[in-house]
Amino acid sequence: MSGVALHWFRKGIRLHDNVPLTKAIESCSTLIPIFILDTDFLDPKKVSANRLGFLLDSLKCLDEDLQERGSRLIVAKGKPSEVIFSLIEEFKINKLTFERGTEPFNKDLDDELIGIVNANDIEVYSNWGHILFNPDHILALNNGKTPVTMNVFLKLASSAPTPLKPIPAPEKIPPPPADFKPKNVEIFISTPTLSDLKEYGYDPEAMTTWFKAGEKEGIKIMEDFLKQKQRVASFEKPKTKPTALLPDTTALSPYLSVGSLSVRLFYHKLLEVLKSFKRHSKPPVSLEGQLYWRELTYLIGYSTPNFHQMRENPLCYQIPWTEGEAAQEALKKWEMGQTGYPAVDAAMNQLRSDGWMHHLARHLVACFLTRGDLWISWELGRDVFDKYLIDADWSINNFSWHWMSCSAFFYQFFRCYGPVSFFKKTDPNGDYIRKHVPILAKYPVKYIYEPWEAPKNVQEAAGCIIGQDYPRPIVEHKTVSQANMGKLKKAYDKNKADRAKPAKVNAEKLEKPLAKSKLR
DNA sequence: TTAATGTTGCCTTC
DNA sequence: GAAGGCAACATTAA
């Protein structure tokens, strides 16, 4: 054991169930554990202080956990591929380990790394540690076709190999070289905080999320939740409350997203709990089902070209969303919680302050921005979510915006969320609004969801005049949502017609070659 | 080809 | 609180 190993942390910011890291340790006396802060990522316009801060805190925890085992985390800054290749060369790396990514930007880099590194006679180990199932395996089971519904996915998953059992964290980890100072790679002296990134425009005060980062925290939240066995066994996602003042779901998404909690650990611990119940809730609504949804989105993101956009995306309906200045203005109001619909604004305010909101709150605001009310492209809403959510996840986020905008996977556009009605069901008193839109806190129950309906004297008594202290509704929901359904119907018809034409031509052209290549 | 199905709508009626 | 109408989508199973 004399080699130098490089373990690259991307997601998978943890020591438990980290197979590549464990493989790296097996065969080296020196291990460089590195995280690379991509300079493209350091932009408050694209990545909020909450999201970046949560990531940095996760790294800090990782560093502490590494130090407990005789190592420490090295955080570099730059373009990931350049940093990796530079380190490989300078430190004569024998072994490179990392967790594979399904997203297009990761996929390309993975292929590049595996190819070039193998050519240089360096041992490479990577795995699919961020997900339960090997996506290539699932796709093969479906003859290479991307599954687009949960039932199809469940069938495929049931005939795929059982997800691997998690492995424990290593007890000892070989240290990086003493005085580790690469020549061509910029590294931080210690794990950076937001204060160290002021030059990029970050303000440490802007980090307001109450979520605590780290592997220990993620595992603790998981264990506390799984202890409530009855709750686990009867969990049904659609029945949880978006307006709860404390999360009514597991709220494990931030930890799963950066990988400080292993999805396989959660999966197997969950199944253990379910085993002790004769009857329990089932996918797609159960807790187990939530993990399968996550898998499905990763699989779709992995196998669908241009999944991050409407155009050139084979799964996505082409819908003529509003563009231009008016759309930008409305988008900004939506982002900043200024639509004049208290429920929507409360959710958006929670998104910006906490970096998290309940899944159904995401539905309400996403529907409102796209097909429901504002008729603005899901891509723009997706970007706003990606900026603020501490659980931001490329696959899940893109999938959900397809779904909510009726661009793919879900098409029942006549089922539309009401910005007044939807939250009333779980929060008739409007406590969620009172918390997240404090200027409305004194409104009587009768008007809390529709403050513009309140008589002037009621507005004055509540200390908030509509149109002055809080905006009037940006649109009239009833009217625009009706009109939008008509527009969607038209767009659907046009898409069907457009799809029918080229498909016919292709079928004729491809008939022979297809038959020939059946064995592929 | 038709029938059943689809994680999470809203409103009115009983 | 449950049920049915609303005006009706696409995908999958049969």
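Keep in mind that what you see is a predicted model, and the values were worked out from it rather than measured. All values below come from the heavy atoms of this structure, side chains included, with hydrogens, waters and symmetry mates left out. Below, chain A is the first sequence line, B the second, and so on; all start at residue 1.
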Of the listed nucleotides ([options]), which one gets closest to any side-chain atom of [X]?
| X | options | answer |
| --- | --- | --- |
| A:Gln412 | B:dT7, C:dA13, B:dG6 | B:dG6 |
| A:Trp293 | C:dT11, B:dT7, B:dG9 | B:dT7 |
| A:Thr149 | C:dA8, B:dT8, C:dT12 | C:dT12 |
| A:Pro284 | C:dC9, B:dT7, B:dT8 | B:dT7 |
| A:Lys145 | C:dC9, B:dT7, C:dT12 | C:dT12 |
| A:Tyr317 | B:dC10, C:dA10, C:dA13 | C:dA10 |
| A:Tyr492 | C:dA10, C:dT12, B:dG9 | C:dA10 |
| A:Phe414 | B:dT7, C:dC9, B:dG9 | C:dC9 |
| A:Val152 | B:dC10, C:dT12, B:dT7 | C:dT12 |

Problem - Lys NZ or Arg CZ of A:Lys107 over A:Tyr302 ring: under 6.0 Å, within 45° - result: yes

Practice task
Compare the ring of A:Phe413 with the six-membered ring in the base of C:dC9 and state whether they stack (centres under 5.5 Å, planes under 30°).
Solution key: no

Name the nucleic acid region contacted by [X], choosing base, sugar-phosphate or nothing; use a 4.0 angstrom heavy-atom cut-off, strictly under.
| X | value |
| --- | --- |
| A:Phe409 | nothing |
| A:Gly289 | nothing |
| A:Phe235 | nothing |
| A:Lys489 | sugar-phosphate |
| A:Glu236 | nothing |
| A:Lys425 | sugar-phosphate |
| A:Lys496 | sugar-phosphate |

OP1 or OP2 of [N] versus the side-chain N and O atoms of [X]: is any pair under 4.0 Å?
| X | N | answer |
| --- | --- | --- |
| A:Asn151 | C:dT12 | no |
| A:Arg415 | B:dT8 | yes |
| A:Lys424 | B:dC10 | no |
| A:Ser421 | B:dC11 | yes |
| A:Tyr292 | B:dT7 | no |

Practice task
Tell me, with the steps shown, if A:Glu215 and A:Tyr255 meet side-chain hydrogen bond (donor to acceptor under 3.5 Å, both in side chains).
Solution key: CA-CA 7 Å; A:Glu215 166 168 7; A:Tyr255 307 93; over 6 Å; no

Problem - Counter-base of B:dG6, judged by Watson-Crick or G-U geometry with both distances under 3.5 Å - result: C:dC9

Problem - Pairing nucleotide - C:dA3, Watson-Crick or G-U, each distance under 3.5 Å - result: B:dT12

Problem - Pair A:Asn127-A:Arg100, side-chain hydrogen bond (donor to acceptor under 3.5 Å, both in side chains): steps then yes or no - result: CA-CA 6 Å; A:Asn127 78 337; A:Arg100 292 185 67 176; over 6 Å; no

Check the surroundings of atom [atom1] in [X]: do more than 12 heavy atoms from other residues, nucleotides or ligands lie under 6.0 Å from it?
| X | atom1 | result |
| --- | --- | --- |
| A:Lys487 | NZ | yes |
| A:Gln468 | CD | yes |
| A:Lys424 | NZ | yes |

For atom [atom1] of [X] and atom [atom2] of [N], their distance in whole Å:
| X | N | atom1 | atom2 | value |
| --- | --- | --- | --- | --- |
| A:Gln482 | B:dC11 | CD | P | 11 Å |
| A:Ile300 | C:dT11 | CD1 | C1' | 13 Å |
| A:Lys282 | B:dT8 | NZ | P | 19 Å |
| A:Phe422 | B:dG9 | CZ | C1' | 8 Å |
| A:Arg371 | C:dA10 | CZ | P | 14 Å |

Practice task
May I ask you to say whether A:Glu103 pairs ionically with A:Lys11, meaning some side-chain N is under 4.0 Å from a carboxylate O?
Solution key: yes

